[in-house]
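I have placed the structure first, in the form of structure tokens, so that the comments after it can refer back to it.
Note that the structure is a prediction, hence the values are computed from the model and not measured. Both ligands and their constituent atoms are indexed starting at 1 by order of listing.
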Amino acid sequence: MTTHLTHWGAFEASSDGERLTSVRPWSGDPEPMPLIENVASAQHHVTRIDQPHVRRGWLENGPGATPRGAEPFVPVSWERALALLSGELGRVYQQYGAEAVYGGSYGWASAGRFHHAQSQLHRFLNCLGGYVRHVNSYSLGVSAVLLPHVIGELDWVMRHATAKTVLAARSELVVAFGGLSPKNAAVSPGGVSRHNARTWIAQARARGCRFVSISPLRDDTPSEGAAEWIAPLPGSDAAMMLALAQVLDAEGLADKDFLREYTVGYDRFAEYLRGARDGVTKDPEWAATITGVPADRIRMLAREMAAARTLVTVSWALQRAQYGEQPLWLGVVLAAMLGEIGLPGGGFGHGYGSTAGLGEPARIPVPRLPQGGNGVETFIPVARIADMLLNPGVPYRYNGHDLVYPDIRLVYWCGGNPFHHHQDLARLRTAFACPDTVVVHDAFWTATARHADIVLPSTMSIERDDFGVGEGDRMFFPMPALTRPHGAARDDHWMFAELAERLGVGKEFTEGRTVDEWLRHLYEDWRLIQSAAGHDLPGFDQFWASESIELPVPEADQVLAAQFRDDPDRCPLTTPSGKIEIFSETIDGFGYPDCPGHPVWLEPEEWLGGPAAARFPLQLVANQPRTKLHSQLDVGAHSLSAKIGGREPVRLHPSDAAARGLGGGEIVRIFNGRGSCLAGLIIDDAVRVGVAQLSTGAWYDPDPADPTFCRHGNPNALTADRPASTLSQGCTGQLALVQIERYSGVIADVTVRCPPATS
Ligand code: PGD
């Protein structure tokens, strides 16, 4: 058995050289994930891309703006594909320059650090002069922009989050806005070795810690926490948080010493709580009318929070919504008012239920493929991809910058699936018709591959030699290939090396090394640096022969901002004032009405308390899936086993199903003014009344006659391509208003589980 790493866990497998014959979770994992089942069953699925393909129209007519996503593909040899693509790259770089190439290529790709798809693409494009890049992520588009103004860089907040072991030992009350979802806390970019999402919660609970889960879904917190479930209207958490703050302020429960010494701007915020300017006191009675949560419960909760060592944690999902800055900022403000930031078990957290890596004490850094320098300065906030393609030359604002969308001629995607991850997919399809050429590398015929002109088949991680370690994880695994590649699939690195050779930058790209030589070189270089820092690590051969090695962790009991608390003058925060900013002069100075200088309640355009709910009276919660990671391996056995009639499941509360005369197991149509999709109905009282929960990840399967209609159940057929705010321009895919009805049309097959037409 050989060990291998995925974003959702490590496993041990044997193989006959072509396929995995036996797979079991890594023996060191106390909470292994069933998602592992998807790997072997997907490897040789009919949707694997087995050789290079070119869209027929592109082959016949050459590059140019044109509708994409419907035409057949022509299988071509590697030689022909590489000649066509290098010719096209040469043309675009020569005629329009690097500013015309979008290489942002957002996506999670695979575990394995050398073959990390985006790193390979970026290194390659940098050899050609650079590319227009993206900043931030779909996961944390708001957090990456807001937190540096308020408490510190996102990376610092993540890497130095209070350790879960500390929470297990010291927290008395955990108030989790967005819950502590065990399915999300089971994955981490690059991999997870020892899952512990349930363990720390069970340990804290056994010691008497109480959990309050504030979420539209009861199962957003594991049963081990025996959490009290409070379900405000989705999108209204900021109002509940303001009311908690108002009680702390009005009842003298806010820690004035902490606020004076470690924060700026409390007075301006307190004026807002007290209604000094608008005449509205943000008290629990006010919040009850917005959130639906009884005023007494909000008031009591504020008192309970003030009386216990309390962690206020905000899930990533809360900021993936319109005005997502507000609940996140308020999480920091509430923790500051409680005065426990920097104390073990108290303070602020961001995403204990969003990724496995959060709360794992920072380990030493790991090797990475150098990407070289990008000759292009132009960037977009990642979720503005469709706006960019549709609006070249149009100005827009972002985080204090006045920017202009570039004119993109060539889009290069490697390791991501925008036709899974972006909002309003029909609009994205229109946007993808704009460039001259779209290139996609993927192992599978995802919807993104089907919207490309040149499609190159990548290996899966089990088909190549690599090494891997997850963000925040301390186990570093050799990952020798378990099987040979499927069909004529090749490593992304091989493709870029071949293209680089044809474009005259072969030496710059490969530096004359084979893959084996790269792995050894990156490892030994890293080992030297670590050894100078006092960390003794085995040589490459010993590492490669091992099952895994454990990386040193300098401080196991880390507490977020402990040094700042101990000595704020010598260890200031990286915010402009060096303190926690409850009022931000910088943000205020931008003058954006959708994100003022301190957190406020702003009514979203799509929520159950607003006028739009009259037409579309259900709040779609498009969260992360349980049976796969994002859209990865949606054709795998575990993912397929959860489908209903071949469609993605949607959950509704029994009363909402009854009001529509719907029964469990039926195929329903979910729709709004932007689009519609089919889904299989599950009736479940773990879902709040008024909420429809449809996870992301079903491969987009547009009706050929109507691309706004997805026959499979991708919620991004319904979500709005609307930024969280001018400040962050972040993704808002989490929430949208919809209606649901029984589907009365002919239930067509899901065609995205078959290969596309070829000619
Ligand atoms: P994945 O399905 O992980 O989704 O979006 P992302 O694009 O990351 O896509 C990765 C792709 O890379 C897959 O198609 C996989 O086959 C391919 N791949 C894997 N390994 C390799 C490789 O080695 N080489 C190549 N060339 N390809 C490879 C995820 C994104 O979705 C994220 S992170 C979030 S948090 C967002 N969440 C939401 C949400 O909550 N709600 C909505 N509505 N929408 C969202 N979209 C976002």
**OP:** Sequence neighbours left out, what passes ring-ring contact (aromatic ring centres under 6.0 Å, His included) with F73? Give chain and number order.
**Re:** W445
**OP:** Could you pull out every protein residue that has a heavy atom closer than 4.0 Å to ligand 1, ordered by chain and then number?
**Re:** Y106, G107, W108, A109, S110, A117, Y138, S139, R320, C414, G415, G416, N417, H420, H421, Q423, H441, D442, T446, S458, R464, D492, A622, Q624, H630, S631, Q632, T696, N716, T719, G733, Q734
Original post:
In terms of side-chain geometry, is the basic nitrogen of E606 or R722 positioned less than 4.0 Å from the acidic oxygen of its partner?
Top reply: yes
**OP:** Considering only NZ, NE, NH1 and NH2 on the basic side and carboxylate oxygens on the acidic side, decide whether E463 and R484 come within less than 4.0 Å.
**Re:** no
Original post:
Rounded to the nearest 0.5 Å, what separation is found between the OH atom of Y131 and the CG atom of N126?
Top reply: 5.0 Å
Original post:
With sequence neighbours excluded, what pairs up with F124 under the ring-ring contact (aromatic ring centres under 6.0 Å, His included) test?
Top reply: F496
Subject >> Listed once per pair and sorted, the salt bridge (Lys or Arg N to Asp or Glu O under 4.0 Å) pairs that draw on residues 417-430, sequence neighbours left out >> reply: D387-R427, R427-D721
